[in-house]
Amino acid sequence: MSRITTTLDETQRKLIDSALPLSGATSINSFVAEAALDRARALIEAEKRLYPNDEQAQRFFEALENPPEPNDYLKDALKQYLGSDA
């Protein structure tokens, strides 16, 4: 197991103390650890949604650098959006 320490000001400590009974955590340490883990999981999931894997990230950047020619559907959509024969 690893230990992480932090310093809280009085306002932060009171806020956590108030939330502790609502969280189901048994201690401030478990509350802070669970909150940090929740945040870490959320950040990792957000990154996975943006770039699920290396291959998809590579395809995304390739498309940005070398976009395909617009197809007829896209051309028609642009004409409708502009309201003219663009």
Side-chain angles (χ1 to χ4, degrees):
M1 295 214 352
S2 296
R3 177 178 293 275
I4 298 173
T5 60
T6 188
T7 303
L8 301 172
D9 66 30
E10 189 63 29
T11 302
Q12 293 167 328
R13 174 65 190 247
K14 285 180 181 179
L15 183 63
I16 291 173
D17 284 342
S18 296
L20 192 61
L22 305 172
S23 71
T26 56
S27 69
I28 289 178
N29 284 338
S30 63
F31 178 86
V32 171
E34 192 57 41
L37 289 169
D38 287 346
R39 179 72 171 137
R41 288 182 193 109
L43 289 169
I44 291 167
E45 281 302 312
E47 182 71 10
K48 283 182 182 178
R49 282 192 300 274
L50 186 56
Y51 304 113
N53 62 45
D54 289 342
E55 178 187 341
Q56 290 175 328
Q58 183 62 36
R59 287 195 341 235
F60 172 77
F61 288 116
E62 177 68 26
L64 285 179
E65 292 173 2
N66 302 300
E69 292 295 318
N71 60 23
D72 291 338
Y73 180 80
L74 184 57
K75 290 175 186 176
D76 290 343
L78 179 61
K79 286 177 185 178
Q80 287 181 2
Y81 177 76
L82 296 176
S84 64
D85 292 327

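Note on residues 7-16: pairs passing side chain to side chain donor-acceptor pair (under 3.5 Å), not counting sequence neighbours, are Arg13-Asp17. For the side chain to side chain donor-acceptor pair (under 3.5 Å) condition, the pairs that include at least one residue of residues 23-33, sequence neighbours left out, are Ser27-Ser30.
Hydrophobic cluster of Leu20: the remaining members, joined at side-chain heavy-atom separations below 4.5 Å, are Leu8, Ile16, Ile28, Phe31, Val32, listed by chain and number.
For Thr5, the side-chain contact (heavy atoms from CB on, under 4.5 Å) partners two or more places apart in sequence, or in a different chain, are Arg3.
To the nearest 0.5 Å, atom NZ of residue Lys79 and atom NZ of residue Lys75 are 8.0 Å apart.
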Using atom types as modelled, flag every donor-acceptor pair under 3.5 Å from a side chain in residues 35-49 to any protein atom, sequence neighbours excluded.
from  : atom 1 : to    : atom 2 : distance (Å)
Asp38 : OD1    : Arg41 : NH1    : 3.3

Check residues 60-70 and write down every donor-acceptor pair under 3.5 Å in which the side-chain atom is one partner and the other belongs to a residue at least two apart or another chain.
from  : atom 1 : to    : atom 2 : distance (Å)
Glu62 : OE2    : Asn66 : ND2    : 2.7

